[in-house]
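To keep things clear, I will list the structure first and then write my remarks on it.
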Amino acid sequence: MDFEELTELIVELEVDDIADAVKVALDEDKKDPIEILTALTKGMDEVSRRYEKFEYFLGELVLAGDTMKAGLEVLKPALAVSDAAKEKIKAVIATVKGDQHDLGKNILGTMLLSANFEVYDLGRDVDADIIVEKVRETGASVVGLSSLLSMTVDQIGVVHEALKEAGLRDGVKLIVGGAPLNLELAKKFGADGYADDAIYGVDLIKKLTKT
Ligand code: B12
C-alpha cells in the first residue's frame with residue numbers, strides 16, 4: 001500500500017476500504033504513521049479542490065469526512081508516543097462557534113494526548129463562554145482552537161476577549177489552526193500561535209509551554 005494509493009482512496013471516497021488500507025500500510029508495510037496522515041490529508045486537499053471547481057458537492061464533502069474519519073480511527077493508536085513520566089499540562093481544545101469541522105481538531109487532540117497532555121475536548125460549534133468556563137474549572141494553560149470557515153474565524157477574537165474579560169488570558173497560550181488562517185491573521189485575533197498542521201502544532205505548544 002503506497003502513499004499515493006491512500007491519497008486516492010480518500011479522493012475517491014472509498015469509505016468501506018480505507019480502514020483496511022491504513023491497517024495494511026501500518027502493519028504489513030510498516031509505513032510511518034505521520035506520513036500516512038500526510039497522505040490522507042493530501043486526499044482531503046484534492047477533495048477541497050474538486051469542491052471549489054464544482055466537481056464535488058456537499059454529499060461528497062460529507063463522504064470525504066466519513067472516509068477520513070474511518071482512516072483516522074485506525075491510525076490514531078499508532079500516533080501515540082509515551083512520555084508518561086512528566087507532569088501533565090492541561091489543554092482545552094474546541095472548534096469555534098458556528099463551525100462543524102472537527103477532524104483536524106480531533107487529530108490535534110490525539111497528538112496532544114500522545115505527547116502526555118491532559119486534553120479536554122469540548123467538541124465543535126463551541127461558544128466562547130463554555131471555553132472560558134472549562135479553562136476556569138480545569139486551570140488549563142493551553143487553549144487550542146480550530147476554525148475552518150472564513151465566516152467563523154473571527155470567533156478566535158471572541159474567545160481571546162472572553163478569556164481576557166474573565167481575567168484568565170495571561171495564564172493561557174492560545175494556539176489556533178485551520179485552512180483560512182495564517183500567522184498574521186491569528187495574531188490579529190489575539191492568538192499566541194498558529195500551526196498549519198497538528199504535528200507542528202504540538203511542537204509549538206510544547207515550545208510555548210516549555211515542556
Ligand atoms: C470534510 C469537510 C467538511 C465536512 C466536515 C466533517 C467533519 N466532521 O469535520 C462537512 C461535510 C460537515 C463540511 C461542511 C461544510 N463545509 Co467543509 N470541508 C471539508 C474539507 C473537504 C476537509 C476538512 C478536513 O477535515 N480536512 C482534514 C483535516 C485533517 O485537516 P484540517 O481540518 O485542516 O486540520 C489540520 C490542520 O489545519 C491543523 N489544525 C486544524 N485545527 C487546528 C487547531 C490547532 C490548535 C492547531 C495547532 C492545528 C490545527 O491540524 C490538522 C491536522 O494536521 C475542507 C477542505 C479543506 N481542505 O480544508 C472543506 C471546507 C473547510 N468546507 C467548506 C465549506 C464551504 C463547508 C460548508 C459551508 C458547505 C456547505 N455549503 O454547507 C459546510 C459548513 C458547515 C459548518 N457550519 O461547519 C470550505 C470553507 C471555505 C471557507 N474558506 O470558508 C472548505 C475549505 C472547502 C472549499 N474549498 O470550499 N465540510
Side-chain angles (χ1 to χ4, degrees), residues 6-7 10-11 13 15 18 22 33-73 75-76 79 91-115 117 119-126 131 140 142-156 159-160 172-183 185-186 189-209:
L6 290 171
T7 303
I10 295 282
V11 176
L13 315 169
V15 66
I18 191 77
V22 173
I34 301 285
E35 288 187 57
I36 295 177
L37 177 60
T38 305
L40 299 179
T41 305
K42 249 191 207 167
M44 293 304 260
D45 289 343
E46 176 56 25
V47 168
S48 174
R49 270 190 290 275
R50 291 186 185 192
Y51 179 77
E52 280 170 3
K53 288 192 280 175
F54 303 104
E55 292 169 13
Y56 276 2
F57 299 94
L58 190 56
E60 280 85 3
L61 273 195
V62 174
L63 209 49
D66 290 347
T67 309
M68 184 76 181
K69 200 171 174 189
L72 289 177
E73 285 306 314
L75 192 61
K76 267 187 195 170
L79 291 169
V92 170
I93 63 170
T95 299
V96 297
K97 190 175 168 63
D99 189 341
Q100 299 288 346
H101 297 83
D102 64 355
L103 297 172
K105 185 261 303 159
N106 294 348
I107 294 176
L108 177 77
T110 304
M111 301 205 55
L112 281 173
L113 279 175
S114 308
F117 282 78
V119 178
Y120 298 90
D121 185 345
L122 300 178
R124 53 193 178 182
D125 187 14
V126 183
I131 296 168
V142 176
V143 173
L145 296 180
S146 195
S147 175
L148 274 280
L149 296 172
S150 309
M151 217 169 59
T152 60
V153 80
D154 59 349
Q155 281 297 317
I156 291 164
V159 174
H160 162 72
V172 300
K173 297 293 178 193
L174 179 60
I175 320 293
V176 298
L181 282 160
N182 53 46
L183 184 59
L185 202 54
F189 289 125
D192 299 304
Y194 157 79
D196 63 0
D197 71 42
I199 300 157
Y200 173 59
V202 172
D203 278 351
L204 179 68
I205 290 171
K206 280 180 168 175
K207 211 185 297 163
L208 289 174
T209 55

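Every number for a ligand or one of its atoms is a count from 1 in the order of the listing.
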Between Arg49 and Glu52, is there a salt bridge with N-O shorter than 4.0 Å?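 Judged by the 4.0 Å cut-off on N to carboxylate O distance, Glu52 and Arg49 do not form a salt bridge.
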For the pair Glu46 and Lys42, find out whether any cationic side-chain nitrogen is under 4.0 Å from an anionic carboxylate oxygen. no
Counting non-hydrogen protein atoms only, what is the nearest one to [atom]? Give residue, atom name and distance.
atom                    : value
atom 27 (C) of ligand 1 : Met44 CG, 3.8 Å
atom 34 (O) of ligand 1 : Gly104 CA, 3.2 Å
atom 29 (C) of ligand 1 : Ile107 CD1, 3.4 Å
atom 89 (N) of ligand 1 : Glu52 OE2, 2.8 Å
atom 38 (C) of ligand 1 : Asp197 CA, 3.8 Å
atom 72 (O) of ligand 1 : Leu58 CD1, 3.8 Å
atom 25 (O) of ligand 1 : Leu103 CD1, 3.3 Å
atom 9 (O) of ligand 1  : Asp102 N, 2.8 Å

Test item: protein heavy atom less than 4.0 Å from [atom]:
atom                    : answer
atom 12 (C) of ligand 1 : no
atom 76 (C) of ligand 1 : yes
atom 1 (C) of ligand 1  : yes
atom 45 (C) of ligand 1 : yes
atom 81 (C) of ligand 1 : no

State, yes or no, whether a side-chain contact exists between [X] and [Y] at a heavy-atom distance under 4.5 Å.
X      : Y      : answer
Asn182 : Leu185 : yes
Ile10  : Met44  : yes
Leu145 : His160 : no
Leu37  : Ile107 : yes
Val172 : Val92  : no
Val47  : Thr67  : no

Could you tell me whether Ala198 and ligand 1 have an N or O pair separated by under 3.5 Å?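 Min N/O separation from ligand 1 is below 3.5 Å for Ala198.
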N or O pair under 3.5 Å between Thr41 and ligand 1: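 Min N/O separation from ligand 1 is not below 3.5 Å for Thr41.
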Distance filter under 4.0 Å to [X] heavy atoms, resulting ligand 1 atoms:
X      : answer
Ile175 : 45 (C)
Val62  : 11 (C)
Asp99  : 78 (O)
Gly144 : 45 (C)
Asp45  : 57 (N)
Leu145 : 43 (C), 44 (C), 45 (C)
Ala195 : 47 (C), 48 (C)

Roughly how far, to the nearest 0.5 Å, is the CZ atom of Arg124 from the CG atom of Asn106?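 One gets 8.5 Å once the value is rounded to the nearest 0.5 Å.
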Reported CG-to-OH distance for the pair Leu13 and Tyr56, which is rounded to 0.5 angstrom: 4.5 Å
Below 4.0 Å, non-hydrogen atoms only: which portion of [X] touches ligand 1? Side chain, backbone, both or neither.
X      : answer
Leu204 : neither
Asp196 : backbone
Arg124 : side chain
Ile93  : neither

Please report the shortest heavy-atom distance between [X] and [Y], naming the atom on each side.
X      : Y      : answer
Val119 : Gly109 : CG2-O, 3.9 Å
Ser146 : Lys105 : CB-CB, 3.8 Å
Phe117 : Lys206 : CE1-CG, 4.1 Å
Thr95  : His101 : OG1-O, 2.9 Å

When Ile156 is tested against each of Asp154, Thr152, Val153 for side-chain contact (heavy atoms from CB on, under 4.5 Å), which residue passes?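 So the option named by the test is Val153.
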Whether [X] side chain and [Y] backbone form a donor-acceptor pair below 3.5 Å:
X      : Y      : answer
Asp192 : Ile175 : no
Thr7   : Ala39  : yes
Tyr51  : Glu60  : no
Asp125 : Gly98  : yes
Asp99  : Ser147 : no

Arg49 heavy atom under 4.0 Å from ligand 1: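 Contact check Arg49 vs ligand 1: negative.
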Any heavy atom of Gly98 sitting closer than 4.0 Å to ligand 1?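 Per 4.0 Å heavy-atom rule, Gly98 contacts ligand 1.
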Count, excluding waters, the protein N, O or S atoms that are closer to atom 17 (Co) of ligand 1 than 2.8 Å.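 Protein N, O or S neighbours of atom 17 (Co) of ligand 1 under 2.8 Å, waters not counted, come to 1.
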